[in-house]
2 protein chains.
Amino acid sequence: MGVPRNISMPQILGAAEQVFGKHGFSGATMAEIARVAQLPKANIHYYFTTKEALYKAVLEHTLTDWLADADFWISPDRSPQEALHGYVTAKLAFSRNRPDASRLFAHEILEGAQHVHAYLATTLREHVAHLAHSFTHWKRTGQMRRVDTPHFMFCLWSMTQAYADMRAQMAAVLGQKTLTETDYERAAHTILDLLLQPTSRTLEKT
Amino acid sequence: MGVPRNISMPQILGAAEQVFGKHGFSGATMAEIARVAQLPKANIHYYFTTKEALYKAVLEHTLTDWLADADFWISPDRSPQEALHGYVTAKLAFSRNRPDASRLFAHEILEGAQHVHAYLATTLREHVAHLAHSFTHWKRTGQMRRVDTPHFMFCLWSMTQAYADMRAQMAAVLGQKTLTETDYERAAHTILDLLLQPTSRTLEKT
DNA sequence: GTCTATATAGCGATAGAC
DNA sequence: GTCTATCGCTATATAGAC
């Protein structure tokens, strides 16, 4: 009893993140996950009785990682410049290093967020409410203009996640096969320029 | 010969946009499309021999609409304020009024953009190159700061499309069942504040 | 052109030997 | 715990009557 649980499980979870991230829940097949994990199909059903059980396990795992950066960076102890720079950079790095995790999440939301609705309505909602404290603090101390916290976060999330979810479109528009390090640098520069610009974007006519 | 081609075709295309927009290509079923279109399954295969042929037809149709707003609004004849205001508002309206079209496109890109890669690499790429002329003009005439055109457009697209693609997540975070008119107004305000703010977002410390 | 009935393939899931 | 073989179901697609 109990030999390669430690060996098979990570293989399965890794393959599942990759395949679910590429095709979403309905588009993914257990056969492809088994192929990527280099395991017979039946072995996966030994650890996870149903496709949905495997999906939920992978989803919860990625959601935890997805939230990790915000509390570290967006804190009243930092300046808004430092906080936004750190957060955007971390999010872009996540999109670059864990694209399948970001895309798995995007698929889930796109299909109606049925499996994660409870999580979004409780944990993520409270998370955003918590972040509002930092923005309120920065406004009160004159370090930043007022923002509509949830919609401001929607903007941050969509701009940074797009570099994982929409990378096929971006690469095509840029005339490249894939996104390169330069693209992520330009992304950071463009996004931070919107958020942190020292002078106005659209200038007054003289 | 030829009675209800005019009647069945729009029904099929409308139902297909709805179902493909909800589930993507792999997740959608011909049976559900037939049910939504209130037609027998076989009738759809009469007009479109394969599921993929139907998918491509719907996809091309939505892509045309998706591009329509940009050339109208983003033009050197306008001020950057007017252009960005008009474009962002139009894009948000598209997300609100044609959510299935936006989500169909998002599904396609997420799954690797295999069906639209040629379109993105030619038409959309040229489209972005064309838009760069406006931004260059505004920079040259001192109306706007320099931008990295493709990445700036990626930001505009992701922020506005998120209000169709990610609306399930947004509603959950806002503690609502769906997005309301107020949410789209706040979205426009937040996005335009990032783009058009008359003073800096993060203020200098005194 | 329309629709019922069905062929064929691929899916998730399981049985049972090892 | 692992793996081969297979069940039962649902999907796309077609045949053929009307």
Side-chain angles (χ1 to χ4, degrees), chain A residues 1-61 100 104 107-108 110-112 114-115, chain B residues 1-61 100 104 107-108 110-112 114-115:
Chain A
M1 54 152 74
V3 176
R5 182 168 213 101
N6 341 325
I7 298 173
S8 290
M9 277 289 273
Q11 272 181 323
I12 294 172
L13 289 171
E17 177 174 312
Q18 185 178 326
V19 176
F20 281 131
K22 191 165 190 179
H23 302 291
F25 178 73
S26 22
T29 67
M30 297 297 274
E32 187 179 356
I33 295 173
R35 192 175 49 74
V36 172
Q38 292 180 303
L39 250 47
K41 245 188 348 176
N43 290 31
I44 299 178
H45 277 103
Y46 174 77
Y47 290 102
F48 299 93
T49 52
T50 66
K51 180 186 179 182
E52 194 169 5
L54 172 58
Y55 179 70
K56 283 201 164 185
V58 177
L59 195 54
E60 285 175 26
H61 187 256
D100 291 322
L104 168 56
H107 267 118
E108 167 65 17
L110 209 44
E111 293 205 38
Q114 299 191 353
H115 297 91
Chain B
M1 55 153 73
V3 177
R5 181 168 214 99
N6 341 326
I7 298 174
S8 290
M9 278 288 274
Q11 272 181 322
I12 295 172
L13 289 171
E17 176 174 313
Q18 184 177 328
V19 176
F20 281 131
K22 193 165 188 178
H23 302 292
F25 177 73
S26 21
T29 67
M30 297 297 274
E32 188 179 354
I33 294 173
R35 192 176 49 73
V36 171
Q38 292 179 304
L39 249 50
K41 255 190 337 181
N43 291 30
I44 300 179
H45 277 103
Y46 174 77
Y47 290 102
F48 300 94
T49 52
T50 65
K51 180 184 178 183
E52 195 170 3
L54 172 57
Y55 180 71
K56 282 202 164 184
V58 177
L59 197 53
E60 284 175 27
H61 187 256
D100 291 322
L104 167 58
H107 267 119
E108 168 65 16
L110 259 180
E111 295 205 40
Q114 299 191 352
H115 298 90

Side chain of A42(A) (C-beta onward), nearest among dT4(C), dT14(C), dT2(D)
dT14(C)
Where is the tightest heavy-atom contact between P40(A) and A34(A), given as atom of each residue plus distance?
C-CB, 4.1 Å
If you measure from NE2 on H115(B) to CD on E60(B), what distance do you get to the nearest 0.5 Å?
11.0 Å
d(CD, Q38(B); P, dC3(C)) in whole Å:
12 Å
Report yes if some heavy atom in the side chain of H107(A) is under 4.5 Å from a heavy atom in the side chain of H107(B); otherwise report no.
yes
Non-hydrogen atoms of L39(B) and Q11(B) that approach each other most closely
CD1-OE1, 3.6 Å
Pair up each side-chain donor or acceptor in residues 19-30 of chain A with any protein partner under 3.5 Å, not counting sequence neighbours, and list the distances.
| from | atom 1 | to | atom 2 | distance (Å) |
| --- | --- | --- | --- | --- |
| H23(A) | NE2 | E32(A) | OE1 | 3.4 |
| S26(A) | OG | E111(A) | OE1 | 3.2 |
| S26(A) | OG | E111(A) | OE2 | 3.1 |
| T29(A) | OG1 | E32(A) | N | 3.1 |

Tell me which nucleotide among dT14(C), dT4(C), dG12(C) gets nearest to the side chain of T29(A).
dG12(C)
To the nearest angstrom, the CZ-P distance between F25(A) and dC11(C) comes to 14 Å
So how far is it from L104(B) CG to E17(B) CD, rounded to the nearest 0.5 Å?
7.0 Å
When you compare the side chain of S8(B) with that of N43(B), does any pair of heavy atoms fall below 4.5 Å?
no
Near DNA chain C, under 4.0 Å by heavy atom, which residues of residues 50-61 of chain A?
T50(A), K51(A)
Roughly how many Å is it from CZ in R35(A) to P in dG10(C), rounded to a whole number?
14 Å
Return the nearest nucleotide to the side chain of K41(B); candidates are dA13(D), dA13(C), dC3(C).
dA13(D)
Euclidean distance, atom CZ of residue F48(A) to atom P of dG1(D) [Å, nearest integer]
13 Å
Straight-line distance of K41(B) NZ to R35(B) CZ, nearest 0.5 Å:
13.0 Å
Residue M30(A), side-chain heavy atoms: nucleotide from dC3(D), dG12(C), dT12(D) that is nearest:
dG12(C)
Could you state the CG-P distance from L39(B) to dC3(C), rounded to the nearest angstrom?
6 Å
So what does A28(A) hit on the nucleic acid, given a heavy-atom distance under 4.0 Å: a base, only sugar-phosphate, or nothing?
sugar-phosphate
Would you say S8(B) places a side-chain N or O within less than 4.0 Å of OP1 or OP2 belonging to dT2(C)?
yes
Tell me whether the side-chain N/O atoms of Y47(B) come closer than 4.0 Å to OP1 or OP2 in dG1(C).
no
Separation of atom CG in N43(A) from atom C1' in dC3(D), rounded to whole Å
6 Å
Rounded to the nearest 0.5 angstrom, the CG-CD1 distance for L13(A) and I44(A) is 10.0 Å
Give DNA chain C the dot-bracket treatment, 5' to 3': Watson-Crick (N1-N3 with N6-O4 or O6-N4) or G-U (N1-O2, O6-N3) under 3.5 Å, [ ] crossing, | other strand.
||||||||||||||||||
Ignoring backbone atoms, test whether H45(A) places a side-chain nitrogen or oxygen under 4.0 Å from the OP1 or OP2 oxygen of dA13(C).
yes
Whole angstrom is fine here: how far is it from CE in M9(B) over to P in dG1(C)?
10 Å
For I12(B) and dT2(C), give me the distance from atom CD1 to atom C1', rounded to whole Å.
11 Å
Which heavy atom of I33(B) sits nearest a heavy atom of A15(B), and at what distance?
O-CB, 3.6 Å
